[in-house]
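Numbers here are sequence positions counted from 1. We count ligands from 1, going down the list as the structure has it; atoms in each ligand are counted the same way. Owing to the predicted nature of the structure, the values given are computational and were not obtained by experimental measurement.
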Amino acid sequence: MLWLTGGQVYDVERGAFRRADIGIDGERIREIGRAKMARADKTIDMAGAWLLPGFIDCHVHLTLPTDAGDPAAARDRSDAAVALFTAWAAERTLLGGITTARDVGGWNYVEMAVREAIEAGRAKGPRLFLAGKLLSITTGGVSYYPGMYDEANGPDEVRAAARRQIAAGADLIKVMATGAVLSPESEDARAIQFTLEELKAAVEIARDNFKHVAAHAHARAGIRNAVGAGVDSIEHGTFADSAVLKLMAKAGTFLVPTNCAFVQLLANPGIMATMPPHLRARMAGHHKTHTDAVRLAHRLGVPIAMGTDVGTPGNHHGENTVEIALMVEEAGMTPVQAIHCATANPAKLLRQENNLGGIDAGKYADIVACAKNPLRDIREVTRIAFVMKGGRVYKNELATLPAARKRKPS
Ligand SMILES: [Zn+2]
């Protein structure tokens, strides 16, 4: 057994820390309490550290670069270049405290190969739940992201496209219920894309194959269609009003807000300057509308699962946990609620509540830690100093941090 000793351990259900040791057997947590050490056991001293379940990001694009304002700049990369980039992005993501990520739009299935390398121990990265290519009607957005889109028009083509993703190794199906914000001028985020019938076709194939469905939806009518079709999560939800949010709350449909996509970009004037003017106007113009919708969703009891849209311009791989702080600062949550939305709720959305989302006996030993109490200052989650995934330590900078050192006997 490996023991993490002397740390403050977070209980997601109670929303509180307590001092405890964690016993880890292989990939999983065996027990929590006081260490009962056997001679062969190993220990890692966590004194002074604040331990949380590894965070789960339900909306990433690991294959997309983030340093150019013009999304079209990334469209002509070779698959080999994309693979190398994706492996780097996956490692950054893990070291930032994200031990599980759901990718909702990859690039020519390159991310599947990266997942294989991670699982075989040849690359470092989070546990990955992958959508493969996203399903979309024929639209201008395809020209920005040719490796990401699988075009399908009409229910039969949607069924075939959903089957293609599953055959390639997808864990979920991603559908475009409305237009995108980061798209060419010909595409409108308020426009309906897949019809109700097409969305139902995607849900049918997903359900038949024990997969779930994530629906990109900004416009109200698109959200209503997606909820009516039975999708599991609404991505973004920018123009949601109380009527559709109440529908989501009643159906138990998750909202994956992606506040980061706006905030990280707007904080970066250098990248904004390289952006096509219509995108700059859209991102600046929709930010407050989106924040208000997320705030309202939280108030109306819509289940929320953390998602960042990392991979969009300025929204960098590895900075994902900024989203947790934004749920407090922008969406009006308490730190306890925000942490719940980044751990237990995503585990439920991924149907992994027995494996992920809490520091509990039987679950995977996916544990992160910071040097100060994140319930006092939620920004602490953006300074993750310790990362363990499946019982293996990928990062441990606790000893070099002043706050952790201070607490140790001198
Ligand atoms: Zn996205």
Side-chain angles (χ1 to χ4, degrees), residues 56-66 68-69 71-72 74-75 82 86 89-90 93 98 101-107 110-111 126 128-137 139-150 165 170-184 187 189 193-194 202 212-219 222-223 226 231-240 254-265 275 279 282-283 286-287 290 293-294 304-317 319-320 322-323 326 346 349-350:
I56 304 174
D57 189 336
C58 294
H59 192 129
V60 301
H61 299 281
L62 285 174
T63 55
L64 289 184
T66 58
R75 68 184 160 200
V82 176
T86 303
T93 304
I98 303 297
R102 186 180 74 158
D103 189 295
V104 290
W107 198 276
V110 158
E111 68 286 356
L128 292 178
F129 291 80
L130 305 174
K133 295 188 184 186
L134 56 82
L135 275 50
S136 165
I137 61 161
T139 180
V142 186
S143 69
Y144 272 0
Y145 314 101
M148 190 185 287
Y149 277 61
D150 194 332
Q165 310 321 309
D171 305 290
L172 68 141
I173 301 299
K174 163 83 174 294
V175 290
M176 300 295 280
T178 73
V181 172
L182 289 167
S183 62
E187 186 170 322
Q193 291 202 342
F194 278 137
H212 72 278
V213 178
H216 163 109
H218 292 290
I223 297 170
V231 307
D232 298 272
S233 66
I234 297 292
E235 313 297 304
H236 318 300
T238 305
F239 305 112
F254 281 89
L255 176 66
V256 179
T258 69
N259 295 298
C260 268
F262 290 100
V263 174
Q264 294 282 76
L265 170 70
M275 202 164 222
L279 293 185
R282 287 177 182 181
M283 292 303 279
H286 296 333
H287 176 212
H290 177 258
V294 178
I304 291 176
M306 175 203 182
T308 55
D309 220 356
V310 154
T312 57
N315 193 5
H316 302 307
H317 302 279
E319 296 179 9
N320 314 54
V322 167
E323 183 78 22
L326 294 176
L349 172 57
L350 296 172

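Relative ring orientation between His287 and Phe262 is described as parallel, the plane-to-plane angle staying below 30° on a 0-90° scale split at 30° and 60°.
Side-chain contact check for Gln165 versus Leu130: every heavy-atom pair is 4.5 Å or farther apart. Leu326 places none of its side-chain heavy atoms less than 4.5 Å from the side chain of Pro257. Using a 4.5 Å heavy-atom threshold, the side chains of Phe129 and Leu349 count as separate.
Counted by atom type alone, Thr139 and Glu187 present one or more donor-acceptor pairs between their side chains at under 3.5 Å. His236 and His216 share a side-chain donor-acceptor pair at under 3.5 Å.
Nearby protein atoms of type N, O or S around the Zn ion (ligand 1) amount to 3 (distance under 2.8 Å).
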